[in-house]
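Along the sequence shown, residues carry numbers from 1.
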Amino acid sequence: MLRDNENLERHFQKGKNQNIQPKEMKKERFIPRCREFAYVTNTGTLDTPGNTVSIIDTEKDKVTDTITVGNNPLGVAITPNGTRLYVTNQRDDNVSVIDTASNKVIDTIPAGDRPIFVAITPDGTRAYVLNAFDNNVSVIDTHNNMVTDTITVGNFPFGIVIGNTPFGTRAYVANTNDNTVSVIDANPNSPTYNTVIAIIQVGVIPIDVAMTPDGTTVYVTNAGDNTVSAIDTGTNLVTSIPVGVGPAGVGIGNTPFGIRAFITNSDSDTISVIDADPNSPTFNKVVDTIIKKVGDSPSDAAFTSDGLKGYVPNNLDNTVSVIDTSTNRIIDTIKVGNIPQAVAVGRVCRLVDDDESSDESSDESSDESSNSS
């Protein structure tokens with residue numbers, strides 16, 4: 001009987017070990033964890049430098065990390081696959097390349113004199129950097145992070161957007177000092193690749209540009225005459241839209257009400273909402289103005305992929321306002337670094353082990369419990 005008990009004990013112990021083994025192996029398994037983050041450049045001043053990028057988790061609306069970059073960062077763009085972030089450092093005349101999985105700077109690329117803003121092609125293969133004091137654009141191959149071309153544009157290029165229009169991939173560059181937009185052919189298979197193929201007259205002191213997802217309209221903020229120029233990319237015809245005082249930034253969101261262009265009016269501390277749906281009876285008209293809880297000097301706007309939330313840096317109170325696009329109300333204010341200027345939103349995936357994934361889920365549950373209480 002004792003022998004039988006020993007056999008049973010050995011059998012039970014063997015079963016325990018078999019049950020334990022997968023649990024131990026589970027710790028070595030890695031699973032993809034994907035989230036959308038908002039990346040905000042903190043430009044700072046000569047006396048109080050910023051020189052950082054604040055990373056906001058768009059699920060929690062909290063800063064989860066801060067990355068040190070170069071001197072006086074301004075422009076920021078994320079690759080379509082979410083793996084790399086490009087940040088222009090104005091006073092260093094270079095571009096920081098950040099690995100979004102580790103939040104580390106992995107490369108630094110020399111650019112022209114005073115690189116201002118950056119945009120990335122829809123296929124993620126090239127980054128276009130505006131060099132304000134050189135009046136040109138540096139084209140970076142994102143595979144090897146080398147400058148492969150330089151394109152001359154207008155006087156003091158400041159804002160840029162790249163997208164797929166009905167006529168191919170185009171870059172639109174706002175030239176602040178000559179009130180124009182340079183149109184660059186960004187299709188590598190075109191005979192006019194990386195050349196300016198059109199110059200469009202817009203409003204006074206154009207600053208920022210954004211394109212609708214279908215590529216049919218480009219919106220340009222004109223800080224000098226309080227208007228937005230809506231460019232029909234098929235005809236290059238311009239519609240002028242009055243907005244608030246000192247329009248600075250523009251972001252496009254696919255909201256519950258359709259495509260909308262959000263204009264940040266830096267001098268009136270408001271956000272004008274333009275109907276950007278060409279099939280709407282109110283197309284290219286201001287359909288709402290966000291006034292309450294907007295921060296001091298809103299400068300830019302970017303949106304989550306589902307279009308439900310927008311993020312607006314306020315550069316004079318060091319915060320980011322969060323917009324609920326279903327109500328056009330500010331639902332949160334997030335403290336960031338010194339003089340936040342530009343923002344980009346992207347989906348980032350990284351491999352985590354099961355324990356880390358469980359920890360993150362627990363954190364989310366705790367946050368939800370705290371918010372509900």
Side-chain angles (χ1 to χ4, degrees), residues 35-43 53-65 67 73-82 84-88 98 100 116-122 124 127 158-163 172 174 207-213 218-221 228 247-256 259-266 271-274 276 290 294-295 297-315 319-326 328 330-334 336-337 339-348:
R35 279 190 178 172
E36 277 191 290
F37 294 94
Y39 297 86
V40 180
T41 54
N42 303 302
T43 303
V53 174
S54 296
I55 304 177
I56 298 171
D57 185 329
T58 63
E59 290 182 12
K60 299 181 179 183
D61 284 338
K62 292 182 178 179
V63 173
T64 57
D65 205 350
I67 306 170
L74 181 56
V76 58
I78 189 168
T79 54
N81 63 9
R84 297 290 183 267
L85 194 74
Y86 287 76
V87 177
T88 57
I98 295 168
T100 57
I116 295 284
F117 276 99
V118 56
I120 295 171
T121 55
F158 199 89
I160 181 171
V161 67
I162 303 176
Y172 289 76
I207 293 182
D208 198 14
V209 284
M211 183 184 292
T212 53
V218 167
Y219 291 90
V220 184
T221 57
V228 167
V250 53
I252 305 288
N254 188 8
T255 77
I259 303 298
R260 297 288 186 265
F262 288 74
I263 312 301
T264 57
N265 304 305
S266 60
I271 300 170
S272 300
V273 184
I274 296 174
I290 304 173
V294 179
S297 188
S299 58
D300 195 14
F303 294 82
T304 53
S305 58
D306 59 13
L308 296 179
K309 287 200 289 188
Y311 293 82
V312 175
N314 306 299
N315 58 54
T319 64
V320 170
S321 297
V322 183
I323 303 171
D324 178 349
T325 60
S326 66
N328 282 340
I330 304 297
I331 57 172
D332 207 346
T333 301
I334 306 167
V336 289
I339 318 292
Q341 291 279 7
V343 58
V345 175
R347 185 171 183 263
V348 175

List for me each residue that meets side chain to side chain donor-acceptor pair (under 3.5 Å) alongside [X], sequence neighbours excluded, and say none if there are none.
{"X": "Tyr172", "result": "none"}
{"X": "Asp208", "result": "none"}
{"X": "Ser297", "result": "Asn315"}

Query raised in the report: Taking all atoms of both residues into account, what is the closest heavy-atom pair of Thr264 and Ala301, and its distance?
Result: CG2-CB, 4.3 Å
Requested in this report: Measure across Thr304 and Val345 and return the closest heavy-atom pair with its distance rounded to 0.1 Å.
Outcome: CA-CG1, 4.1 Å
Query raised in the report: How long is the span from the OG1 atom in Thr100 to the CZ atom in Arg347, to the nearest 0.5 Å?
Result: 11.5 Å
Check: [X] side chain, [Y] main-chain N or O, donor-acceptor pair, under 3.5 Å:
{"X": "Thr325", "Y": "Gly307", "answer": "yes"}
{"X": "Ser266", "Y": "Pro247", "answer": "no"}
{"X": "Thr319", "Y": "Asn314", "answer": "no"}

Query raised in the report: Checking side chain to side chain contact (heavy atoms under 4.5 Å, CB included) against Val53, which of Val87, Val40, Val336 comes through?
Result: Val87
With side chains defined as the heavy atoms from C-beta onward, is the minimum distance between [X] and [Y] less than 4.5 Å?
{"X": "Val76", "Y": "Leu85", "result": "yes"}
{"X": "Asn42", "Y": "Pro73", "result": "no"}
{"X": "Pro313", "Y": "Gln341", "result": "no"}

**Report entry** Chi angles and distances behind the side chain to side chain contact (heavy atoms under 4.5 Å, CB included) call for Thr88, Ile116
**Finding:** CA-CA 6 Å; Thr88 57; Ile116 295 284; 5.7 Å; no
Applying side-chain contact (heavy atoms from CB on, under 4.5 Å), can you list everything that pairs with [X], at least two apart in sequence or on another chain?
{"X": "Pro213", "answer": "Ile252, Ile259"}
{"X": "Phe37", "answer": "Arg35, Tyr39, Ile55, Asp57, Thr64, Val348"}
{"X": "Asp61", "answer": "Lys309, Tyr311, Val322, Asp332, Ile334"}

Query raised in the report: Val161 and Tyr219: side chain to side chain contact (heavy atoms under 4.5 Å, CB included), yes or no, with the steps?
Result: CA-CA 10 Å; Val161 67; Tyr219 291 90; over 6 Å; no
